[in-house]
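Data first, discussion second: the structure below is written as structure tokens.
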Amino acid sequence: MTKLSIDTTGIRLHRNFFTRDVLEVAPDLLGKVLVRQFEDNTISRWIITETEAYKGEEDRACHASKGRTPRTEVMYRQGGYIYVYLIYGMYWLLNIVTGKRDQPQAVLIRGLSAINGPGRIGKQLNLDQSFYEEDLNTSRRLWLEKPTQNTHAYKSSVRIGIDYAPNEWRLKPWRFSLI
DNA sequence: TCACGGATTCGT
DNA sequence: CGAATCCGTGAT
């Protein structure tokens with residue numbers, strides 16, 4: 001007798017979800033599921049609880065404000081790629097590229113269920129430079145899923161750690177978190 | 001080739 | 001509040 005199994009995993013989010021404007025995608029990522037398959041094939045899932053939007057060359061808090069460089073190159077691709085970078089020589093921060101091609105945007109994943117702080121996320125997920133430009137559509141080690149039941153309520157506030165940016169950009173309420 | 005500073009975190 | 005820790009960036 002064959003036993004039927006029910007697939008309880010969510011449905012992977014694909015290109016069209018990420019190719020929208022970052023200010024739509026950043027809050028929409030709240031409640032979605034980040035999935036990491038490690039080297040030993042174990043799979044972990046977390047709910048995204050906090051994000052920040054970085055939008056275009058005009059946004060002085062966005063790395064792309066320095067233009068197209070080897071580091072920011074991936075942000076100019078269409079949505080659905082991973083942008084990781086090392087900060088303070090210690091932490092790999094996880095970003096998701098959004099928007100259409102040549103619209104340099106990304107969402108910083110700032111909080112996950114049970115993991116607070118972007119630096120700790122990179123450590124827990126064991127991220128490194130090899131994740132730069134990882135394709136969320138096809139990757140077997142990192143992707144996102146739409147959960148069977150979603151959460152909606154969230155709040156917005158100002159972004160953190162960007163005191164170097166002029167007030168016009170520093171004060172944008174582009175940080176989103178589940179309530 | 002060099003100097004600077006950062007989308008952070010932790011301990012004092 | 002200061003240290004840890006190192007690479008990308010822009011200037012020399």
Side-chain angles (χ1 to χ4, degrees), chain A residues 13 17-32 34 36 44 46-100 102-136 139 142-144 154-179:
Chain A
L13 295 176
F17 178 89
F18 302 106
T19 50
R20 295 173 296 151
D21 188 89
V22 69
L23 293 181
E24 287 183 43
V25 179
D28 209 7
L29 278 172
L30 297 173
K32 296 300 187 294
L34 182 67
R36 172 81 165 97
S44 295
W46 299 269
I47 300 289
I48 296 176
T49 59
E50 190 174 346
T51 62
E52 276 181 2
Y54 289 88
K55 181 180 164 73
E57 295 183 344
E58 320 76 41
D59 179 2
R60 294 282 298 281
C62 180
H63 290 166
S65 64
K66 303 210 171 189
R68 197 187 282 256
T69 69
R71 185 208 212 184
T72 62
E73 180 65 32
V74 70
M75 298 180 80
Y76 288 79
R77 301 192 64 168
Q78 63 174 320
Y81 292 93
I82 289 300
Y83 167 41
V84 288
Y85 66 93
L86 186 64
I87 187 69
Y88 299 112
M90 279 175 282
Y91 306 106
W92 289 96
L93 299 205
L94 174 62
N95 297 257
I96 294 170
V97 175
T98 68
K100 299 174 183 174
D102 291 329
Q103 294 180 332
Q105 315 178 334
V107 177
L108 169 65
I109 305 300
R110 180 172 272 291
L112 298 176
S113 46
I115 310 180
N116 297 313
R120 300 172 111 189
I121 289 174
K123 186 177 180 183
Q124 182 109 10
L125 301 202
N126 204 19
L127 300 181
D128 57 42
Q129 177 64 27
S130 74
F131 281 83
Y132 185 89
E133 222 165 24
E134 185 90 354
D135 189 348
L136 289 171
S139 177
L142 189 65
W143 66 91
L144 285 112
Y154 69 89
K155 64 175 180 180
S156 59
S157 50
V158 297
R159 296 174 289 182
I160 296 177
I162 54 165
D163 291 348
Y164 55 83
N167 283 354
E168 177 191 0
W169 297 101
R170 189 172 60 79
L171 300 176
K172 296 274 188 196
W174 288 355
R175 175 187 179 199
F176 308 95
S177 49
L178 289 178
I179 298 176

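Quick note on labels: first sequence line is chain A, next is B, and so on, each numbered from 1.
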Stacking check A:Y91 vs B:dT8 (5.5 Å / 30 deg): no
Euclidean distance, atom CD of residue A:Q124 to atom C1' of B:dT8 [Å, nearest integer]: 16 Å
A:T69 side chain near C:dG8 phosphate (N/O to OP1/OP2, under 4.0 Å): no
Side-chain (A:T72) to main-chain (A:G67) donor-acceptor, under 3.5 angstrom: yes
Distance in angstrom units between A:L86 CG and C:dT9 C1', rounded: 14 Å
Side-chain N,O (A:H63) to OP1/OP2 (C:dG8) below 4.0 Å: no
Electrostatic pair A:R159:A:D59 at N-O distance under 4.0 angstrom: yes
Sugar-phosphate only, base, or nothing, as touched by A:G119 at under 4.0 Å among non-hydrogen atoms: sugar-phosphate
Sugar-phosphate, base or nothing in reach of A:A61, heavy atoms under 4.0 Å: base
P-based separation of B:dC2 from C:dT5 [nearest Å]: 23 Å
Watson-Crick or G-U wobble partner of C:dT5, both distances under 3.5 Å: none
Between A:E57 and A:Y76: side-chain donor-acceptor atoms closer than 3.5 Å: yes
Salt-bridge contact A:D28-A:R20 (side-chain N to carboxylate O under 4.0 Å): yes
Comparing A:M90 and A:Q129 on DNA chain C - which has the more 5′ nearest nucleotide: A:M90
N or O in side chain of A:R175 less than 4.0 angstrom from B:dA7 OP1/OP2: no
Rounded interatomic separation in angstrom, taking NZ from A:K66 and P from B:dG5: 10 Å
Sugar-phosphate only, base, or nothing, as touched by A:L108 at under 4.0 Å among non-hydrogen atoms: base
Atom-to-atom span, CD1 of A:I87 to C1' of B:dC4 - whole angstrom: 13 Å
Short side-chain N/O contact to B:dC10 OP1/OP2 from A:R120, under 4.0 Å: yes
Pair A:Y54-A:E52, side-chain donor/acceptor within less than 3.5 Å: yes
Touch class at under 4.0 angstrom, heavy-atom based, for A:R159 against every strand present: nothing
Whole-Å distance separating the CG atom of A:N116 from the P atom of B:dA7: 20 Å
Exercise: do A:Q78 and A:T19 side chains pair donor with acceptor under 3.5 Å: no
Whole angstrom value for the distance that separates P of B:dT8 from CG of A:L93: 6 Å
A:I115 CD1 - B:dT8 C1' separation (whole Å): 15 Å
Pi stacking test for A:Y54 and B:dA7: under 5.5 Å apart, planes under 30°: yes
Euclidean distance, atom NZ of residue A:K123 to atom P of C:dT5 [Å, nearest integer]: 12 Å
